[in-house]
Amino acid sequence: MYYLQDLNPVQREAVESGEGPLLILAGAGSGKTRVLTYRIAHLVAKGINPWNILAITFTNKAAREMRDRIQVLVGSEGEGLWVATFHSSCVRILRREISKLPGYSRSFVIYDAQDQLTLIKECLKVLNLDEKKFAARAVLGVISEAKNKLLDVSSFAAQAKDYFLEKAADVYRLYQRKLLDYNALDFDDLIMLTVRVFRECPEVLEYYQKRFRYILVDEYQDTNHAQYIFINLLAKRYRNLCVVGDDDQSVYGWRGADVQNILDFERDYPEAKVLKLEQNYRSTQTILNAANEVVGNNFNRKAKALWTENKEGDKIILYKASNEHEESRFVMEKIRNLCDAEGRSYSDFAILYRTNAQSRVLEEHLMKEGIPYRIYSGLKFYERMEIKDILAYLRLVHNSADRVSFARVINVPKRGIGKGSLDKILEYTEEQGMPVLEALTEAAYIPGLQARGVSALTSFYEIIARLKSRAQKGISVTELTEQILKETGYMVALRQENTVEADSRIENLNEFLSVTAEYDHNLQDYLGNFELEEGQNMTILGGFLEQVSLVADIDNYDEAEDAVKLMTMHSAKGLEFPVVFAVGLEDGMFPSSRSLLEQYLLEEERRLCYVTITRAKEKLFLSHAEQRMVYGHLESRLPSRFLQEIPKELLAEESSYREILGRGFGLSPTRDNSFGNTRSWRDKGSPVVNSDPGRFQVGDKVEHPKFGPGIVMAVKGEGKGAEISVVFRNEAKKLIAEYAKLVKIYSE
DNA sequence: GTGACCACACTTTTT
DNA sequence: GTGTGGTCAC
């Protein structure tokens with residue numbers, strides 16, 4: 001096996017180790033993808049039928065990459081291998097099996113976050129719940145959490161222990177019923193219902209257990225409970241489960257990922273072999289040391305010692321900017337310098353930030369400087385209004401019961417069907433229990449509709465019905481899309497607007513047409529992948545809709561493109577760059593203000609910091625600003641506590657003040673400007689009972705009789721009248737020093 | 001039914 | 001500061 005020579009001894013053992021459960025703890029940059037792909041190739045080389053192998057990833061990008069790499073190793077012998085994300089695997093299974101669950105149909109559509117929210121709001125309205133008290137987002141969050149834990153409506157309701165949760169259970173019940181009515185599944189359903197099929201239909205489970213004799217899971221630390229059960233049900237029969245992950249890179253706890261899954265693997269599979277990949281091939285000694293030091297401050301982790309044979313490399317540059325603009329300016333300057341001095345290309349650079357909102361200022365500066373860039377987060381292509389509109393049309397053509405899509409487009413472009421008429425149609429549909437589109441054929445009987453409305457609705461129906469019959473005859477998605485844009489008047493309406501904005505929308509729609517064209521082009525491959533069986537009602541259009549509903553922006557990541565890459569720290573996970581700028585490293589930003597109050601949240605942020613640092617291969621720049629505009633208010637900020645967890649000898653400091661004004665000015669508004677003066681709560685520091693209410697500082701930990709413990713995030717003004725912004729456990733408040741019954745617990 | 005205007009959340013992170 | 005959603009006048 002020639003390829004085994006590419007591996008170090010542990011990697012090799014991981015690849016060669018045969019049957020039985022295997023846990024691979026793979027530190028950042030330790031060649032985990034290589035191990036996974038080689039392991040699959042090795043299984044195939046040993047004569048295992050690829051058809052019996054399932055490899056699961058989290059992103060399409062990771063799946064594609066893995067498929068490509070395996071292809072190189074085994075060539076066409078890989079035929080039949082499943083390499084897919086959790087979600088797309090489950091969709092595939094459900095497309096075959098979901099009709100075994102009462103009421104569900106195989107032709108379901110998939111609702112994204114926006115659709116979910118729309119539907120939740122619809123439910124809140126029906127249930128007469130005040131949207132002030134029951135924020136749609138919060139309710140959706142609770143429901144999603146329940147689904148991730150595989151709680152169905154009745155078990156969720158049974159354990160609802162307060163008023164909010166009781167009402168949320170009502171929403172959950174209605175929400176599920178509506179999804180069923182509209183023939184739609186949300187993201188969480190994909191996993192939950194697959195598990196349900198497995199549990200309720202032993203013969204289905206058995207089929208897949210036998211088929212997937214060898215299972216590999218990437219990023220196992222990011223699995224949530226539902227995904228965990230899904231995998232473990234499948235692996236139960238043969239126990240050939242190989243999971244790869246790094247508990248230090250678990251950064252999706254907030255969306256239900258449970259690090260415990262990887263930490264408990266040895267408990268679940270006592271016979272498991274455990275291997276640790278600890279040699280890092282990516283980063284310099286300096287970068288790796290910094291990352292190790294930071295993450296070493298976490299308590300709940302498996303001991304690991306990442307090392308490298310790479311050279312020591314440059315010191316990490318730490319930059320203190322006066323504000324976010326100056327910080328951006330610094331980044332631009334460094335990019336220019338490194339391009340000139342070291343002949344680097346733009347594609348060598350990545351700028352990473354905690355929140356999407358931070359990209360705006362950076363983008364402005366990049367534009368001004370004429371530096372090519374690409375943003376991999378923020379408003380996503382598929383979330384743009386015009387794209388959502390055209391998708392809604394396509395979905396309605398595909399599924400005449402999809403009320404969310406119907407409601408979205410019935411009056412786009414304007415057809416004189418306002419909110420009142422829409423409500424009447426929906427009400428009528430509800431009563432008649434028919435697909436919403438079909439109800440339009442009876443528009444004349446819908447009570448309360450004007451004749452004008454009736455004719456508008458009838459002609460709308462005719463357009464969609466016509467398009468539908470053409471779709472059934474098998475015209476391409478591109479043709480269908482073009483016809484929708486034309487026949488619904490959507491394009492004409494946009495052109496008539498004649499604004500810059502409308503032009504960009506048209507441009508996006510053209511971009512969308514190239515997506516459909518690509519799909520049409522690849523149709524053969526794609527359907528091949530789906531292993532269609534006779535009678536399986538998988539239309540061309542359905543395949544397209546499914547594909548677009550499962551893509552994320554990062555999936556379109558192009559490593560080679562000659563542009564600076566901007567993305568959130570989360571999106572950067574799994575990627576690497578020669579030069580990394582991590583910006584906005586300030587307490588309250590990163591770690592986020594919400595994480596400051598709970599140890600476990602802070603630890604997740606620290607892991608995110610570890611992930612961020614280990615993205616860099618050669619050079620790492622860390623920056624923070626002393627003042628920053630937040631929600632339109634200027635706020636003073638302190639350097640991130642993570643910065644002081646990096647040993648000073650690994651750092652070289654640069655500061656705008658020093659450059660401009662020289663040393664010794666002590667200009668920092670809150671403390672002297674030597675870095676590292678902040679204190680984390682874990683430090684001793686005697687509790688101080690506040691005696692002078694005027695003396696609050698950013699970073700103080702305080703206690704409020706009503707709101708509980710909190711952190712001072714900003715102080716505006718001085719003395720008794722000072723306005724103090726404090727983040728409490730559940731809320732952020734602005735308080736006036738004189739009146740707020742704040743007690744200072746820790747002080748500097 | 002439509003469009004203009006105002007108030008007010010909102011900022012984590014995404015398959 | 002921005003985007004959304006609600007209200008009101010036409």
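Quick caveat: nothing in here was measured; it's all calculated off a predicted structure. Naming: A, B, ... by sequence-line order, numbering from 1 per chain.
With sequence neighbours excluded, the residues satisfying side chain to side chain contact (heavy atoms under 4.5 Å, CB included) with A:Asp423 are A:Lys419. Qualifying salt bridge (charged side-chain N to carboxylate O under 4.0 Å, His left out) partners for A:Glu324, counting only residues two or more places apart in sequence or in other chains: none. A:Gln260 pairs by the side chain to side chain contact (heavy atoms under 4.5 Å, CB included) definition with A:Asp258, A:Leu263, A:Asp264, A:Asn300, not counting sequence neighbours. Applying the side chain to side chain contact (heavy atoms under 4.5 Å, CB included) test to A:Ala444 and every residue at least two apart in sequence or in another chain returns A:Val454. Every residue two or more places apart in sequence or in another chain that forms a side chain to side chain contact (heavy atoms under 4.5 Å, CB included) with A:Leu117 is listed here: A:Ala136, A:Arg137, A:Leu140.
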Which atom pairs link the protein and nucleotides 3-10 of chain C when you take only N or O atoms and keep those under 3.5 Å?
unit_1	atom_1	unit_2	atom_2	d
C:dG5	OP1	A:Lys121	NZ	3.2

Polar atom pairs between nucleotides 1-8 of chain B and protein, under 3.5 Å, N or O only, would you list them?
unit_1	atom_1	unit_2	atom_2	d
B:dG1	OP1	A:Ser421	OG	2.6
B:dT2	OP1	A:Gly416	N	3.1
B:dT2	OP2	A:Asn411	ND2	3.1

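Take the nearest nucleotide of DNA chain B for A:Ala135 and for A:Tyr252: the residue whose nucleotide is more 5' is A:Ala135.
Under the 6.0 Å cut-off for aromatic ring centres, A:His624 and A:Phe590 do not qualify, their centroids lying 6.0 Å or more apart.
A:His633 has its NE2 atom 10 Å from the C1' atom of C:dG1, to the nearest Å.
A:Arg607 comes within 4.0 angstrom of no nucleic acid atom, judged by non-hydrogen atoms across all strands.
For residues 114-141 of chain A, the ring pair (Phe, Tyr, Trp, His ring centres under 6.0 Å) pairs, not counting sequence neighbours, are A:Phe134-A:Phe164. Applying the side-chain hydrogen bond (donor to acceptor under 3.5 Å, both in side chains) rule to pairs touching residues 447-460 of chain A yields nothing, sequence neighbours excluded.
Under 4.0 angstrom from either OP1 or OP2 of B:dT14 there lies at least one side-chain N or O belonging to A:Ser571. A:Asn60 has no side-chain polar atom (N or O) that falls below the 4.0 Å cut-off from OP1 or OP2 of B:dT15. Taking side-chain N and O atoms only, A:Ser593 has no distance below 4.0 Å to OP1 or OP2 of B:dT11.
A:Phe187 qualifies as a stacking partner of the B:dT15 base, centre to centre under 5.5 Å and near-parallel within 30°.
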